[in-house]
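Structure, as structure tokens:
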Amino acid sequence: STSTYFGRNSLSVIGAGCSKINSPMKRLAWKYILHRCKFIGLRDRISFQYFSQNFTYLDHKAQITADVAFLYKEKPYQNNKPEKICLVSLANDPGAERFVDNTIIIDLLSDLSIKGLISKVHFVAHDPRPGLDLELSKQCAAVIEKKLNLSSTYIECSNLDDLLNEYKQSYIIITAMLHGL
């Protein structure tokens, strides 16, 4: 995830995550973009390490900053709906050394349901690429539906507006990513 700031003839990357880039074409495209940046802010140590491996010659422009989520400044959303939807965004990303333990998620959702804090669960994927959120979210939704007898589904969000709408409808949000804030 990358945010850019356009100022007086300058381009900056702020709060970007970086993982291993295997495709020569993608590396070339990013090289073209990043070469024009005056500043490159990476969100964490692991992203900085991958960045250094992928773009050694640009290290002088890069530093660890924070995630893009900290730039968002909108009034907090108030959910007054009677339906208590729990949104789960697993944020599973082996490339960034982020792994999800399904048993912890299932136990947490079970406790929330027993206490009457949630009535259904929606899973969303911030990153639908193979091996990341999409498959794991669908698997988790099926397990929770069967094991906990709790309405649970995967919601496909094809654009940012759909994703934000899911967050707005949610009573509780569970995620390992700062985007959930």
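We number each residue from 1, following the sequence as shown.
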Find the distance between NE2 (His35) and NZ (Lys61) and round it off to the nearest 0.5 Å. 6.0 Å

Gln53 to Thr56 - nearest heavy-atom pair and separation: O-OG1, 4.1 Å

Looking only at non-hydrogen atoms, find the nearest pair between Ser47 and Gly17 and report the distance. OG-CA, 3.4 Å

Spacing of OH belonging to Tyr154 relative to CD belonging to Glu135, to within rounding of 0.5 Å: 10.0 Å

Could you state whether Leu28 and Tyr50 fall into the same hydrophobic cluster, counting links through intermediate Ile, Leu, Val, Met, Phe, Trp or Tyr residues with side-chain heavy atoms under 4.5 angstrom apart? no

Run the side chain to side chain contact (heavy atoms under 4.5 Å, CB included) check on Leu109 and Ser113 step by step: do they pass? CA-CA 6 Å; Leu109 292 171; Ser113 177; over 6 Å; no

Could you tell me which non-hydrogen atom of Ile21 sits nearest to which non-hydrogen atom of Asn54, and how far apart they are? N-OD1, 3.6 Å

Above 12 or not: heavy atoms from other molecules or residues under 6.0 Å from CD of Gln49? yes

After noting the C-alpha distance and the side-chain angles of Val143 and Asn102, does the key distance pass the side chain to side chain contact (heavy atoms under 4.5 Å, CB included) rule? CA-CA 9 Å; Val143 168; Asn102 289 353; over 6 Å; no

For the CG atom on Asn159, are there more than 12 heavy atoms of other groups (residues, nucleotides or ligands in this structure) within a distance under 6.0 Å? yes

Spacing of Ile118 atom CD1 and Leu87 atom CG [to the nearest 0.5 Å]: 11.0 Å

Locate the shortest heavy-atom distance separating Ser52 from Asp59; write the atom from each residue and the value. OG-OD1, 3.0 Å

Kindly compute the distance separating OG (Ser152) from NZ (Lys120), expressed to the nearest 0.5 Å. 10.5 Å

Report the distance from atom OG of Ser89 to atom NE2 of His122, rounding to the nearest 0.5 Å. 14.0 Å

Looking only at non-hydrogen atoms, find the nearest pair between Glu166 and Cys157 and report the distance. CG-SG, 3.9 Å

Test log, rule side chain to side chain contact (heavy atoms under 4.5 Å, CB included), inputs Leu112 and Val121: CA-CA 11 Å; Leu112 292 170; Val121 181; over 6 Å; no

Quick check: does any side chain N or O of Ser170 sit under 3.5 Å from a backbone N or O of Ile173, one acting as donor and the other as acceptor? no

Heavy-atom side-chain contact between Cys140 and Leu90 under 4.5 Å: yes

Distance-only, no hydrogens or angles: does the Ser119 side chain make a donor-acceptor pair with backbone N or O of Lys84 under 3.5 Å? yes

Which atom names give the shortest non-hydrogen contact between Phe51 and Ile40, and what distance separates them? CZ-CD1, 3.7 Å

Same apolar cluster: Leu42 and Ile46, side chain cutoff 4.5 Å: no

If you group Ile, Leu, Val, Met, Phe, Trp and Tyr by side-chain heavy-atom gaps below 4.5 Å, do Leu34 and Phe39 land in one group? no

Atom pair CD1/CZ of Ile64 and Arg43 - distance to nearest 0.5 Å: 12.0 Å

Cation-pi check for Tyr57 against Lys31: NZ or CZ below 6.0 Å from the six-membered ring centre and within 45 degrees of the axis, yes or no? yes

